[in-house]
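Report on the following structure.
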Protein chains: 2
Amino acid sequence: MKETKYKEIHNHLKGQIQQGNYQIGDYLPSENELCVRFSITRTTARKALDELAKESFIERQHGKGSRVKERRQSLGLLNVKGFSEAVGEDIKTLFLRKPAAGKWDSEIMLPVNDSDLNSICLYFERIRFVGNEPVMLEKNWFSGQVLPDFLCSEFIEGSFFKTLSKKYFIEIIGSSQELRAELACGKNAGLLKVKTGTPLLHISVKFSTSNSKLNIYSELYCVTSVYPVGNSYFI
Amino acid sequence: MKETKYKEIHNHLKGQIQQGNYQIGDYLPSENELCVRFSITRTTARKALDELAKESFIERQHGKGSRVKERRQSLGLLNVKGFSEAVGEDIKTLFLRKPAAGKWDSEIMLPVNDSDLNSICLYFERIRFVGNEPVMLEKNWFSGQVLPDFLCSEFIEGSFFKTLSKKYFIEIIGSSQELRAELACGKNAGLLKVKTGTPLLHISVKFSTSNSKLNIYSELYCVTSVYPVGNSYFI
DNA sequence: TAGTGGTCTAGACCACGGT
DNA sequence: CCGTGGTCTAGACCACTAG
């Protein structure tokens, strides 16, 4: 498995940013400078920088350069932050199923890419608690194709997204979502310790990542009576 | 103002897809074919196709081609787009109350700014239909302070946000939201023509605008059984 | 094996921003 | 003016898919 040149440059620069060698507002080396420093052509340098821009680490400014941006946290609804950073209280996580081989379930509401359907499906499922109250049932599917050793590893700081970023250098670059209000079926009601027929907020999300072979499909069932699902978005 | 070549190709292909000349599952011309047909190089052809992929009109398949994807339509969550631009179908709007003086109701779930509380409150309320099905009950409160003549004017293209933008040059710059799944109370059930006890998605939004004196508070009640509320966000 | 997309080279001209 | 990023050409080799 050989890494491409542009990914090498891309990861190098991303690492520099994450380590703080380039601060917010700083300018990265220009395309031409990267060409010299890494013995590549502009096409390759551009590709590396374009990827960084797509992941919103930098902002390209015509005539000026590539400036390190503040990374926006909110991604549509549930954020990149995910649950662990979103609730300021005492939260716990219980794995109902640790990451393992699964199947592309029909429970996934958003259309699954063909390329995903043709590859191995990994799955995990957990319940999130605030205090001792279960507030969210979370089911996640994704292609195992691009995540070697995923099954063996623990999550970094309990966060799936952090693990993707720090261990595999994969960033979330977008999401689409569908929201439904539903009545809890017996099974979900049991898991969330509510009565059957309690209204649940059902969130279907498909996350796109900087690795085009990795999409993450999630189905979330939330008890919203005490803790509504919130988010904010600012330009 | 000259259009770039890749944008020209990109728009041409997008038009073909939108007009149905390429159906879902069809393959677009290969990169090499585009090169010949439009007298361009592969770099340019690729750029056009990459843009289409980024907009999720197509899926790139190594060794096969560029396949037209399904783009699911659903009710756009009021991020900035608003309802009228989000749904591609036959939508109608019925005003239950045209914009008029109102009061800062306790139904508003998100905290109202003090400066708003101290100024005149305008209010309007409408029901959104897809076809003949009511799908959303929408209640809006905002300060009338900065919108002279607002009561007299019609909405531009039926859109509140467009009216703000084109007539008053005010843009939405942010929002916070809370989501709840609730059971329809008698009144809302009646308006939305569902049974009491049907689960409704209750969205509370507070929009901030480019005019710091204007905040918009909305309470939305959505029937999600047929048209889930959707949104997507890409960096 | 032929055709496809993915990566890369080595150039070129242009539009933009600041000096 | 120079350096920046944006577009584009004309090639090349590779990896993947399918017959």
Side-chain angles (χ1 to χ4, degrees), chain A residues 1-13 22 25-69 113-120 143 145-146 148 169-170 173 208-214, chain B residues 1-13 22 25-69:
Chain A
M1 176 64 189
K2 193 189 149 255
E3 200 174 42
T4 58
K5 286 195 185 180
Y6 82 83
K7 272 185 192 155
E8 191 186 320
I9 316 294
H10 169 259
N11 283 334
H12 170 77
L13 292 172
Y22 292 104
D26 290 354
Y27 284 88
L28 259 41
S30 75
E31 299 179 355
N32 284 315
E33 187 160 347
L34 290 176
C35 295
V36 184
R37 205 185 289 179
F38 294 95
S39 304
I40 52 176
T41 55
R42 259 192 77 204
T43 312
T44 309
R46 276 185 68 74
K47 179 95 179 172
L49 291 171
D50 284 343
E51 288 292 308
L52 280 178
K54 204 160 86 175
E55 296 168 10
S56 79
F57 279 100
I58 62 170
E59 191 178 11
R60 310 280 249 130
Q61 296 172 316
H62 195 166
K64 295 182 76 177
S66 300
R67 210 174 66 105
V68 177
K69 263 202 334 186
N113 290 14
D114 285 347
S115 51
D116 289 324
L117 285 175
N118 292 326
S119 71
I120 286 182
S143 159
Q145 203 176 357
V146 292
F169 299 105
I170 294 174
I173 59 170
S208 306
T209 72
S210 51
N211 184 319
S212 61
K213 288 181 183 161
L214 179 64
Chain B
M1 177 64 191
K2 193 188 149 256
E3 200 174 44
T4 58
K5 285 194 186 179
Y6 82 83
K7 272 186 191 153
E8 192 185 317
I9 316 293
H10 169 259
N11 285 333
H12 170 78
L13 292 172
Y22 293 103
D26 290 354
Y27 283 88
L28 293 186
S30 73
E31 297 179 354
N32 285 314
E33 187 160 345
L34 289 176
C35 294
V36 184
R37 207 185 289 179
F38 293 95
S39 304
I40 52 176
T41 54
R42 260 191 77 203
T43 314
T44 309
R46 278 185 67 75
K47 178 94 177 173
L49 291 171
D50 284 344
E51 289 291 308
L52 281 178
K54 208 162 79 177
E55 297 168 4
S56 80
F57 279 99
I58 61 171
E59 190 178 13
R60 309 279 249 131
Q61 296 171 314
H62 195 167
K64 295 181 77 177
S66 300
R67 210 177 66 106
V68 177
K69 272 208 319 192

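Below, chains carry the letters A, B, ... as their sequence lines are ordered, and counting in each starts from 1.
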Can you tabulate the close N/O pairs, meaning under 3.5 Å, that link protein atoms to atoms of nucleotides 14-17 of chain C?
{"residue": "C:dA15", "atom": "N3", "partner": "A:His62", "partner atom": "NE2", "Å": "2.9"}

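- Put simply, B:Tyr6 has no side-chain N or O that comes within less than 4.0 Å of OP1 or OP2 on D:dC8.
- The side-chain hydrogen bond (donor to acceptor under 3.5 Å, both in side chains) test applied to B:Asp26 returns no partner, not counting sequence neighbours.
- For A:Arg46 and C:dT7, the CZ to P distance is 16 Å, given to the nearest whole Å.
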For residues 34-45 of chain A, please give each side-chain donor-acceptor pair under 3.5 Å, one per line with the distance, not counting sequence neighbours.
{"residue": "A:Arg37", "atom": "NH2", "partner": "A:Glu33", "partner atom": "OE2", "Å": "2.8"}
{"residue": "A:Arg42", "atom": "NE", "partner": "A:Glu31", "partner atom": "OE1", "Å": "2.9"}
{"residue": "A:Arg42", "atom": "NH2", "partner": "A:Glu31", "partner atom": "OE1", "Å": "2.8"}

Please, what dot-bracket string fits DNA chain D when only Watson-Crick and G-U pairs with both distances under 3.5 Å count, crossing ones use [ ] and pairs to another strand use |? ||||||||||||||||||.

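- In this entry the distance linking CG of B:Asn32 with P of C:dG6 reads 12 Å, nearest Å.
- By the side chain to side chain contact (heavy atoms under 4.5 Å, CB included) test, A:Asp114 is found to be paired with A:Leu117, B:Glu59, B:Gln61, B:Arg67, residues two or more places apart in sequence or in another chain being considered.
- With sequence neighbours excluded, no residue forms a side chain to side chain contact (heavy atoms under 4.5 Å, CB included) with A:Ser212.
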Please produce a list of atom pairs where a protein N or O lies less than 3.5 Å from an N or O of nucleotides 10-13 of chain C.
{"residue": "C:dA12", "atom": "N6", "partner": "A:Arg42", "partner atom": "NH1", "Å": "3.4"}

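- To the nearest angstrom, P of C:dG5 lies 11 Å from CG of B:Asp50.
- Counting heavy atoms from C-beta outward, A:Ser66 and A:Phe57 have side chains that stay 4.5 Å or more apart.
- Whole-Å rounding puts the B:Tyr27 OH to C:dG3 P distance at 17 Å.
- Residues passing the side-chain hydrogen bond (donor to acceptor under 3.5 Å, both in side chains) test with B:Asn32, sequence neighbours excluded: none.
- In terms of phosphate contacts, B:Thr44 brings a side-chain nitrogen or oxygen within less than 4.0 Å of OP1 or OP2 of D:dT9.
- If you take NZ of B:Lys47 and C1' of D:dT7, they are 8 Å apart, rounded to a whole angstrom.
- Regarding contacts with the backbone of D:dT9, a side-chain N or O of B:Lys5 is found under 4.0 angstrom from either OP1 or OP2.
- In terms of phosphate contacts, B:Ser30 brings a side-chain nitrogen or oxygen within less than 4.0 Å of OP1 or OP2 of C:dT4.
- Taking atom CZ of B:Arg67 as the reference point, atom P of D:dA18 lies 12 Å away to the nearest angstrom.
- At least one donor-acceptor pair closer than 3.5 Å links the side chain of A:Thr209 to the backbone N or O of A:Leu214.
- Taking 4.5 Å as the limit, some side-chain heavy atom of B:Glu3 sits within range of a side-chain heavy atom of B:Asn11.
- In this structure, A:Asn211 has no side-chain hydrogen bond (donor to acceptor under 3.5 Å, both in side chains) partners at least two apart in sequence or on a different chain.
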B:Glu51 vs B:Lys54, salt bridge (Lys or Arg N to Asp or Glu O under 4.0 Å): CA-CA, chis, key distance, verdict: CA-CA 5 Å; B:Glu51 289 291 308; B:Lys54 208 162 79 177; 3.7 Å; yes

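- Atom-to-atom, CD of B:Glu31 to P of D:dC16 comes out at 16 Å; the value is rounded to the nearest Å.
- Along DNA chain D, the nucleotide nearest to B:Ser39 and the one nearest to A:Lys213 differ in position, and the one closer to the 5' end is contacted by B:Ser39.
- Every residue two or more places apart in sequence or in another chain was checked for a side-chain hydrogen bond (donor to acceptor under 3.5 Å, both in side chains) with A:Asn118, and none qualifies.
- Taking atom CD of A:Glu59 as the reference point, atom P of D:dG6 lies 11 Å away to the nearest angstrom.
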